[in-house]
Novice: 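The following block contains the structure, expressed as structure tokens.
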Amino acid sequence: MEKALKTSFEREHLLAELIRNASMAVSVGYADGSIGIFNNAFLKLRVILKKN
């Protein structure tokens, strides 16, 4: 069980790093219109769009 938990944690960490460092914008939005989680590419895109 402990090994399975460690493997699961490592996989979750890897996926989080992939999303965090992705060149494609990624975000999680909620029904109320708010944005909860986003990566750096999303932040850069928002800045570019606000300038235009």
Side-chain angles (χ1 to χ4, degrees):
M1 181 69 175
E2 188 174 313
K3 183 176 180 177
L5 183 60
K6 181 180 179 185
T7 301
S8 176
F9 177 76
E10 289 171 349
R11 180 182 171 165
E12 182 180 332
H13 181 74
L14 173 64
L15 292 173
E17 285 297 312
L18 287 171
I19 292 171
R20 190 176 295 120
N21 297 319
S23 60
M24 181 179 281
V26 178
S27 67
V28 175
Y30 299 104
D32 66 359
S34 64
I35 298 171
I37 302 169
F38 53 89
N39 66 359
N40 285 334
F42 181 82
L43 183 60
K44 289 177 185 177
L45 179 62
R46 292 276 301 179
V47 168
I48 291 168
L49 292 175
K50 280 190 171 190
K51 287 181 181 179
N52 295 328

Novice: Considering only heavy atoms from C-beta outward, does the side chain of Arg11 approach that of Leu15 to under 4.5 Å?
Specialist: yes
Novice: Ala22 and Ala41: which non-hydrogen atoms are nearest, and at how many Å?
Specialist: O-CB, 3.6 Å
Novice: For the side chain of Asn39 and the backbone of Met24, is there at least one donor-acceptor N/O pair under 3.5 Å apart?
Specialist: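 Here the side-chain-to-backbone pair exists.
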Novice: Quick check: does any side chain N or O of Thr7 sit under 3.5 Å from a backbone N or O of Lys3, one acting as donor and the other as acceptor?
Specialist: yes
Novice: Can you list the residues that meet the side-chain contact (heavy atoms from CB on, under 4.5 Å) rule with Leu5, with sequence neighbours excluded?
Specialist: none
Novice: How would you list, by chain and number, every residue that makes a salt bridge (charged side-chain N to carboxylate O under 4.0 Å, His left out) with Glu12, sequence neighbours excluded?
Specialist: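 So Glu12 forms no salt bridge (charged side-chain N to carboxylate O under 4.0 Å, His left out) with any residue.
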Novice: Which residues satisfy the side chain to side chain donor-acceptor pair (under 3.5 Å) test with Glu10, sequence neighbours excluded?
Specialist: none
Novice: Would you mind writing out the side-chain donor-acceptor pairs for residues 25-36 within the sub-3.5 Å range, not counting sequence neighbours?
Specialist:
| unit_1 | atom_1 | unit_2 | atom_2 | d |
| --- | --- | --- | --- | --- |
| Asp32 | OD1 | Ser34 | N | 2.9 |
| Asp32 | OD1 | Ser34 | OG | 2.6 |

Novice: To the nearest 0.5 Å, what is the distance between CG (Leu14) and CD1 (Ile19)?
Specialist: 10.0 Å
Novice: Show me, pair by pair, the donor-acceptor contacts under 3.5 angstrom made by side chains of residues 43-52, not counting sequence neighbours?
Specialist:
| unit_1 | atom_1 | unit_2 | atom_2 | d |
| --- | --- | --- | --- | --- |
| Asn52 | ND2 | Ile48 | O | 3.4 |

Novice: So does Phe42 have more than 12 non-hydrogen atoms from other groups sitting under 6.0 Å from CZ?
Specialist: yes
Novice: Among residues two or more places apart or on two chains, list those pairs meeting side chain to side chain donor-acceptor pair (under 3.5 Å) that have a residue in residues 13-22.
Specialist: Glu17-Arg20, Glu17-Asn21
